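As structure tokens, the structure follows; a few thoughts come after it.
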There are 2 protein chains.
Amino acid sequence: MARTQGSHAETTGPKVREAALKLFAREGYAAVSMRRIAAEVGVQAGALYLYTPDKQTLLFDLMRGHMEDLLADFAPGSGRPVADLEAFARHHIRYHLDRPDLVFIAYMELRNLDPDNFREIEALRRRYEDRLEAILKAGVADGVFDIPDTKLATMALIAMLTGVTTWYREGGRLGREAVGDIYWDMVRKVVRA
Amino acid sequence: MARTQGSHAETTGPKVREAALKLFAREGYAAVSMRRIAAEVGVQAGALYLYTPDKQTLLFDLMRGHMEDLLADFAPGSGRPVADLEAFARHHIRYHLDRPDLVFIAYMELRNLDPDNFREIEALRRRYEDRLEAILKAGVADGVFDIPDTKLATMALIAMLTGVTTWYREGGRLGREAVGDIYWDMVRKVVRA
DNA sequence: GTTTGAATTGAACGGGTGTTCAGATAACGT
DNA sequence: ACGTTATCTGAACACCCGTTCAATTCAAAC
């Protein structure tokens, strides 16, 4: 029978993922050894294999979880393109600023995924991009947006919004709210009819 | 006296940098061994050390060369903010599409630089960003741009423009010229008074 | 207090790492 | 033809890699 108190399994498991997240983000998947992750957790390397089948799966699970949360956490829905676009932009920034390490990994470690894992993450990313493009297309159809190419605008806007994570620092000159306002202003201008 | 014909030094040196560039971009600095680079060149690992003091310098030289070329290759200069901004945007896209591997490395491998090397690359990057911001500030002063925050606009525009490298594929739906036109349209909208 | 079994250790496996260097190779100036 | 020397090899150095597994630990269950 499984121990329910005093057992370390339920604390060590998350700790392993947290340590891997932190170290992968700071130094990169390839540069971090299982022994370093284990040391961060306070355990020997062998013990990690009670919580993940291997190093690759540790990375993949972090990335898949991030992409699935991103998709689950936001659904447009109002049908009014301007409102939907604002919601998308503000949500994207907030979500990314809340999870800098996960965002960093999701963009940087794609090439360290096995081919099958890469395909799965790419499919999730495509679904997210498609949501933004659907909003843009709806706005063009309604005549409230003027966009020469919705696919390029999608890529351009996501790159612009995600870029916030490269320079934003907590306690800096601007708070999240102000950053959200300014970026929403720029997004709106890009698509404005 | 140095041999000037039949000597391999002058071909092997560039080949080492080319192989490192290609492999670092595809698989990442940490994941590529000196032996793999040597195999790509067609030489034993030891021979690489005739052309670079160590692996770290091989990475650093690639990145510094890229940033210095980027700075040397473009100077704004006209004094007319709209024309300067268009030149900046079109040059940024063209330059980045011409050197996808170097761009990729310059953005992905920052964390694998030794602290001193990191500082130097960061300084070069800052100088490039400052050039764009100077154009934006000049446009605001002239009343031809309406930009709530030139620093944020700088970061947003660079992220947007650099993002082209993540999706552009030679022979795809749009040519470089068309992509340049569409992105310049979006850039102009972001800053338009 | 004893049994039980999940959690963990620590050593081992085969192999790869960046770097060094004595020695072999071969094209050059003479 | 010869000696010089830039170029390169191949082995070695000390160390780190991801992963496995028999043995140990120790809290929970009885």
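The structure presented is a predicted model; accordingly, all values stated were derived computationally and were not measured.
Using a 4.0 Å heavy-atom cutoff across all strands shown, V32(A) reaches sugar-phosphate atoms only and no base atom.
Under a 4.0 Å N-O distance rule, the pair R188(B)/D185(B) qualifies as a salt bridge. By the 4.0 Å N-to-carboxylate-O rule, E27(B) lies too far from R111(A) to be salt-bridged with it.
Whole-Å rounding puts the Q56(B) CD to dT19(C) C1' distance at 15 Å. The distance from atom CG of L48(A) to atom P of dC21(D) is 17 Å, rounded to the nearest whole Å. Note: CE (M34(A)) to P (dT20(D)) measures 10 Å, nearest angstrom. As a whole-Å value, the separation of R36(B) CZ from dT17(C) P is 9 Å. dG18(C) atom P lies 14 Å from atom CD of Q44(B), rounded to whole Å. Distance, Y51(A) OH to dT20(D) P: 16 Å, rounded to whole Å.
Taking side-chain N and O atoms only, T12(A) has a distance below 4.0 Å to OP1 or OP2 of dT8(C). Close to dG18(C), at under 4.0 Å from its OP1 or OP2, lies no side-chain N or O of Y29(B). Side-chain nitrogen and oxygen atoms of Y49(B) include none within less than 4.0 Å of the OP1 or OP2 phosphate oxygen of dC8(D).
In summary, the aromatic rings of F74(A) and F88(A) are positioned with their centroids under 6.0 Å apart.
Ring orientation note: the planes of H66(B) and H96(B) are nearly perpendicular, at an angle over 60° on the 30°/60° scale.
Where L50(A) and S33(B) meet DNA chain C, the nucleotide closest to each residue was compared, and L50(A) sits on the side nearer the 5' end. Between K55(B) and G46(A), the one whose closest nucleotide on DNA chain C sits nearer the 5' end is G46(A).
For R35(B), counting side-chain heavy atoms from C-beta on, the closest listed nucleotide (dT8(C), dA12(D), dC8(D)) is dA12(D).
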